[in-house]
A.B. asks: 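To start, I am sharing the structure in question, which I have written as structure tokens.
Source: prediction; values computed, not measured. The analysis underlying the following values was restricted to heavy atoms, covering all of them including side chains, and did not include hydrogens, waters or symmetry mates.
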Amino acid sequence: MAVPVIIQKLGNSVESCLLIEWKKAIGDAINEGEPLADVETDKAVMEVVSPASGTLLALFASEGDEVPVLSNVAAVGEPGEDVEHLRPAGGEAEGTIDLSAPSSEMAAAGEPGTLAHETTPAPEAGVAAGISPRAKNLARDKEVDPANLLGSGPGGRVIERDVVAALALQPRLSPVAQAMVDTGEFQAPDRGSGPGGRVMSNDLMPAETPQVQATMPTPQATAADDIEIIQLKGMRKLIAERMLSSLQTTAQLTLNASADARTILDYRKRFKASDERLGLQKITINDLILFAVSRTLPEFPSLNALFLENEVHRYRPVHLAVAVDTPRGLVVPVIRHADSLSLQQLSQEAKRLAQATLDGRISPDELTGGTFTVTNLGSLGVENFTPVLNPPQVGILGVGNINLKPVQVDDKVEFVPHIGLSLTINHQVVDGAPAARFLQALSAGLADIGLLLAL
């Protein structure tokens, strides 16, 4: 009996994922547990495996589609089995296969010996290769005629990015110009005098008169081939939504300070020169900062907390989230109970999580539950910046690079290396004074990291 291939639950916060690649084609044999597809959540890339051995009979989603978790995306079974009952409600199959047809029928459908594929529903008139459901919905909403689009999907099929590309090439109107056009008394030229060809109100022509060349010189039109249009989806789309939501739903305040970096630089030098058997050579400046944060936070429970609706949940253990830059976007794995780990243990766990994140092997559970975040841009030459909160967390520490800072010592001025620290808090539940005291304590701990290591 044919069985569905279901996108399994990928963590408590994951509701949908992006189908990146099918590793098998319809008609291919597949074994139970064999990888069938790659999907991308807002946090990582994961494999979907076959739940049974048999033949891949149907695909119910296309590469690039966003599919909800616990939905059917394919069917596996024996040749000739009916899989219509497995098709998701309202879904459009990417393709199905009939392996019970005689070889003569197969030959009539294509090349001799090839398998006959049952095509998707008949395309709309004017769209020779069909149109995906997402593209159809977007075209209808934006009043774009699919018949005029050149599809870039399989077999020339019109997919969502084709509609997005067409919309990008349409003239963009300023709000005033759009309101004037909506009255029916004006018409817009193909390009206007505004930035990027935007049509401004003075570019409009009366609707009853023939459109003539505007007297104002317009910028030279940009060829379509010179524009790269990238649709936000998957992890990048979620990052965009969360960053905007973070700034819209929290009262963010950033405090800047710096800490004497001579001691941590000295420790880093000593670790690097130590015996390999001690396993300390790979401990970095960032590891020392994470260690100092994990030891300082318990003294300031208002910062090691989550703000959930009208409740503040303060945590005793420190679950330290660490921002990792990946080709797919910023990912923030969590070091559990960082306050109970030794410097060496914390360094090893941070590197393990960072590598798993870069390799796309990180699990959703390792990306949730953080109580405070650290993000470090010092290696890129940034002195200080404004880190954006990761709600419901109420604090995030940004780390800058190390620079020489003039410091008065007795009657003279010395230039002492200092590391930049930027703390963003949710001012709804954390006041400036406790946040400043945390920065003060953290700076003191970094300046004398040996005391923290002795605790």
A.B. asks: Which value, rounded to the nearest 0.5 Å, describes the distance between D65 atom CG and C17 atom SG?
C.D. replies: 10.5 Å
A.B. asks: Please name the pair of heavy atoms, one in T375 and one in P387, separated by the smallest distance, quoted to 0.1 Å.
C.D. replies: CG2-CB, 4.0 Å
A.B. asks: Determine whether a donor-acceptor pair (N or O, by modelled atom type, separation under 3.5 Å) exists between the side chain of S347 and the backbone of L343.
C.D. replies: no
A.B. asks: Give the intermediate values and the outcome of side-chain contact (heavy atoms from CB on, under 4.5 Å) for residues E47 and D38.
C.D. replies: CA-CA 5 Å; E47 288 184 336; D38 282 340; 3.4 Å; yes
A.B. asks: Is L421 close to L423 at the side-chain level, that is, under 4.5 Å between some pair of heavy atoms?
C.D. replies: no
A.B. asks: Quick check against the 3.5 Å criterion: does N304 have a side-chain atom that pairs as donor or acceptor with the backbone of P317?
C.D. replies: yes
A.B. asks: Grab the two heavy atoms, one from L306 and one from T371, that are nearest each other, plus how far apart they are.
C.D. replies: CD2-CA, 4.2 Å
A.B. asks: Given the rule in the side-chain hydrogen bond (donor to acceptor under 3.5 Å, both in side chains) test, do D339 and S294 qualify, once you have shown the distances and angles that lead to the verdict?
C.D. replies: CA-CA 5 Å; D339 55 314; S294 72; over 6 Å; no
A.B. asks: CG/N256 to CZ/F385 distance, rounded to the nearest 0.5 angstrom?
C.D. replies: 9.5 Å
A.B. asks: Okay, side chain of S53, backbone of E32: is any donor-acceptor separation there less than 3.5 Å?
C.D. replies: yes
A.B. asks: Is any side-chain heavy atom of I396 closer than 4.5 Å to a side-chain heavy atom of N390?
C.D. replies: no
A.B. asks: With heavy-atom distances below 4.5 Å as the criterion, would you say the side chains of I239 and M243 are in contact?
C.D. replies: yes
A.B. asks: Any sub-3.5 Å donor-acceptor pair from H427's side-chain atoms to I425's backbone N or O?
C.D. replies: no
A.B. asks: Using modelled atom types only, decide if a donor and an acceptor are shared between the side chain of Q345 and the backbone of S342 within a distance under 3.5 Å.
C.D. replies: yes
A.B. asks: Please walk me through it: do L86 and L57 pass side-chain contact (heavy atoms from CB on, under 4.5 Å)?
C.D. replies: CA-CA 11 Å; L86 299 178; L57 301 178; over 6 Å; no
A.B. asks: CG of L389 to OG1 of T424: how many Å apart, nearest 0.5 Å?
C.D. replies: 6.0 Å
A.B. asks: What do the steps show when you test I285 against L265 for side-chain contact (heavy atoms from CB on, under 4.5 Å), and what is the final call?
C.D. replies: CA-CA 7 Å; I285 295 291; L265 287 173; 4.1 Å; yes
A.B. asks: Supply the atom-to-atom distance I335 CD1 to Q348 CD, rounded to the nearest 0.5 angstrom.
C.D. replies: 11.5 Å
A.B. asks: What are the two closest heavy atoms between H319 and R336, and how far apart are they?
C.D. replies: ND1-CA, 3.7 Å
A.B. asks: Apply the test side-chain contact (heavy atoms from CB on, under 4.5 Å) to residues V416 and D260: give CA-CA distance (whole Å), side-chain angles for both, the deciding distance (0.1 Å), then the verdict.
C.D. replies: CA-CA 7 Å; V416 178; D260 189 328; 3.6 Å; yes
A.B. asks: So does A447 get a backbone contact from the side chain of T263, meaning a donor-acceptor N/O pair under 3.5 Å?
C.D. replies: yes
A.B. asks: For D431 and A433, indicate whether the former's side chain and the latter's backbone hold a donor-acceptor pair under 3.5 Å.
C.D. replies: no
A.B. asks: Does K351, at its NZ atom, have more than 12 non-hydrogen atoms belonging to other residues, nucleotides or ligands within less than 6.0 Å?
C.D. replies: yes
A.B. asks: Students often mix this up, so state it plainly: with edges at 30° and 60°, are the rings of F271 and Y267 parallel, tilted or perpendicular?
C.D. replies: tilted
A.B. asks: Evaluate the criterion salt bridge (Lys or Arg N to Asp or Glu O under 4.0 Å) for residue pair D266 and R262; output intermediate values, then yes/no.
C.D. replies: CA-CA 6 Å; D266 180 61; R262 287 177 295 185; over 6 Å; no
A.B. asks: Output yes when a side-chain donor or acceptor of N384 lies under 3.5 Å from a complementary backbone atom of G420, and no otherwise.
C.D. replies: no
A.B. asks: Is there a salt bridge (Lys or Arg N to Asp or Glu O under 4.0 Å) between K282 and D287? Walk through the geometry before answering.
C.D. replies: CA-CA 9 Å; K282 293 184 179 180; D287 295 332; over 6 Å; no
A.B. asks: Indicate yes or no: at least one non-hydrogen side-chain atom of K405 is less than 4.5 angstrom from one of N403.
C.D. replies: no
A.B. asks: For P434 versus S302, what's the shortest heavy-atom pair and its separation?
C.D. replies: CB-OG, 4.3 Å
A.B. asks: Taking the side chain as everything from C-beta on, heavy atoms only, tell me whether L353 gets closer than 4.5 Å to V322.
C.D. replies: no
A.B. asks: E21 side chain to E63 main-chain N or O, any donor-acceptor pair under 3.5 Å?
C.D. replies: no
A.B. asks: Which heavy atom of Q252 sits nearest a heavy atom of T250, and at what distance?
C.D. replies: NE2-OG1, 2.9 Å
A.B. asks: At what distance, to the nearest 0.5 angstrom, does CG of L439 lie from CG of L397?
C.D. replies: 7.0 Å
A.B. asks: Report yes if some heavy atom in the side chain of V39 is under 4.5 Å from a heavy atom in the side chain of V73; otherwise report no.
C.D. replies: no
A.B. asks: If you compare all heavy atoms of A74 against all heavy atoms of W22, which two are closest, and at what distance to 0.1 Å?
C.D. replies: CB-CH2, 3.9 Å
A.B. asks: Has the side chain of E349 got a donor or acceptor atom that lies under 3.5 Å from a matching backbone atom of A338?
C.D. replies: no
A.B. asks: Could you tell me the separation between the CG atom of N31 and the OG atom of S50, rounded to the nearest 0.5 Å?
C.D. replies: 8.0 Å
A.B. asks: Using side-chain heavy atoms (C-beta onward) and a distance below 4.5 Å, is L453 in contact with F291?
C.D. replies: yes
A.B. asks: Could you tell me whether the side chain of K23 reaches within less than 4.5 Å of the side chain of L36, counting heavy atoms only?
C.D. replies: no
